[in-house]
There are 2 protein chains.
Amino acid sequence: MAQTTPDSIRHYVRIGLLAPLRDPDSGYKLFGDKDIKKVKFIGRAKGLGFTLRDIQTIFDHSNDGRSPCPAVRDIIRQRIDENRDRLAQLNNLQRRMDDALSKWKSMPDGEPDGEAICHLVESID
Amino acid sequence: MAQTTPDSIRHYVRIGLLAPLRDPDSGYKLFGDKDIKKVKFIGRAKGLGFTLRDIQTIFDHSNDGRSPCPAVRDIIRQRIDENRDRLAQLNNLQRRMDDALSKWKSMPDGEPDGEAICHLVESID
DNA sequence: CTTGACCTGTGTGCAACACCTGGGTCTTAC
DNA sequence: GTAAGACCCAGGTGTTGCACACAGGTCAAG
């Protein structure tokens, strides 16, 4: 999947998802075992469709001593529903695009006539 | 699909996609026939997967007296390819999510133990 | 003349980074 | 001893397509 880059790590720190210790001298980030574990967790959770905000929620539950598992089950059900909707939308879009392209095969290009902007586009729907 | 709202119109003006005349007294936007035509065009083009930047390109061609049709054909082919990739990704995601959820059905919630963050998530992959 | 409904431009927020700037630091090679 | 190269830092900006908020101007109706 998408890689974990230095910039993504920086992003996680910026939004407070990670809070590594700092070297007092250099100000450099110091990642401990827990931070590494969190980074790995983020990767897995993202691979399951969780947003960074979802992951923050999970971390919050965990920090409060509550089990995040019920929330995890709720969230993934939401994400599944959302993804189904998005898939349906994109499938519709795909169909419209394919239809348009094949319809345009038999149509000539038009020159600007002050009337239409692009008759290809305007011939759809 | 997605509606054309006052805010979307404002957005189009902001990014220079529309440039309605202004009432010299009130500063209010005055939409002429060409603006209306453009708004309709934007709606159709968006319905075909064109981005606002794509649409700007089309308008630019049109304003330069060139036919936008060749560009339109090129762009939609790109968008079709992108959408195919995106669909494949989302279908994979859907499968992973479904697999996870069904696997989790037979797993109990875990309490925080300082070891794992959420063993449900960590059991995947 | 006031009320309420609509308009104005500008700024911010969303998601998840990627890229850039301008600088500090650290190691290695000459 | 110093200079080059390879790291690191914080902070700001750009991406996409708006939605929402703010403080104020405008306008028709009562």
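Since the structure is predicted, the reported quantities are computational estimates derived from the model, not experimental observations.
As a whole-Å value, the separation of A:Leu18 CG from D:dC9 C1' is 16 Å. Residue A:Leu30 contributes atom CG, which lies 18 Å from atom P of D:dC7 at whole-angstrom precision. Rounded to an integer number of Å, the gap from CZ of A:Arg22 to C1' of C:dT25 is 15 Å. Spacing between atom CD1 of A:Ile15 and atom P of D:dG12 amounts to 17 Å, rounded to whole angstrom units.
Between B:Arg77 and B:Asp74 there is a salt bridge, with a side-chain nitrogen of the basic residue lying less than 4.0 Å from a carboxylate oxygen of the acidic one. Ion pair B:Asp81/B:Arg84 flagged as a salt bridge, since at least one NZ, NE, NH1 or NH2 atom sits closer than 4.0 Å to an Asp/Glu carboxylate oxygen.
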Nucleic acid footprint by protein, nucleotides 15-25 of chain D - heavy-atom cut-off 4.0 Å, B for base, S for sugar-phosphate alone: SSBBBB----B
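Judged purely by atom type and a 3.5 angstrom limit, A:Asn83 uses its side chain to pair as donor or acceptor with the backbone of B:Leu90.
When the local axes at the two ends of the helix from C:dC1-D:dG30 to C:dC30-D:dG1 are compared, using 5 base pairs at each end, they differ in direction by 40° after rounding to 10°.
Contact between the side-chain N/O atoms of B:Lys29 and the OP1/OP2 oxygens of C:dC7 is not found at any separation under 4.0 Å.
With hydrogens and angles left out, the side-chain atoms of B:Asp54 and B:Thr57 include no donor and acceptor closer than 3.5 Å. Between B:Gln56 and B:Asp60, the side chains place a donor N or O and an acceptor N or O closer than 3.5 Å (distance only, hydrogens not considered). Side chains of B:Asn92 and B:Arg95: a donor on one and an acceptor on the other come within 3.5 Å.
Counting heavy atoms from C-beta outward, B:Phe50 and B:Ile42 have side chains that stay 4.5 Å or more apart.
Here A:Leu21 is tied into one hydrophobic group with A:Leu30, each link being a pair of ILVMFWY side chains closer than 4.5 Å.
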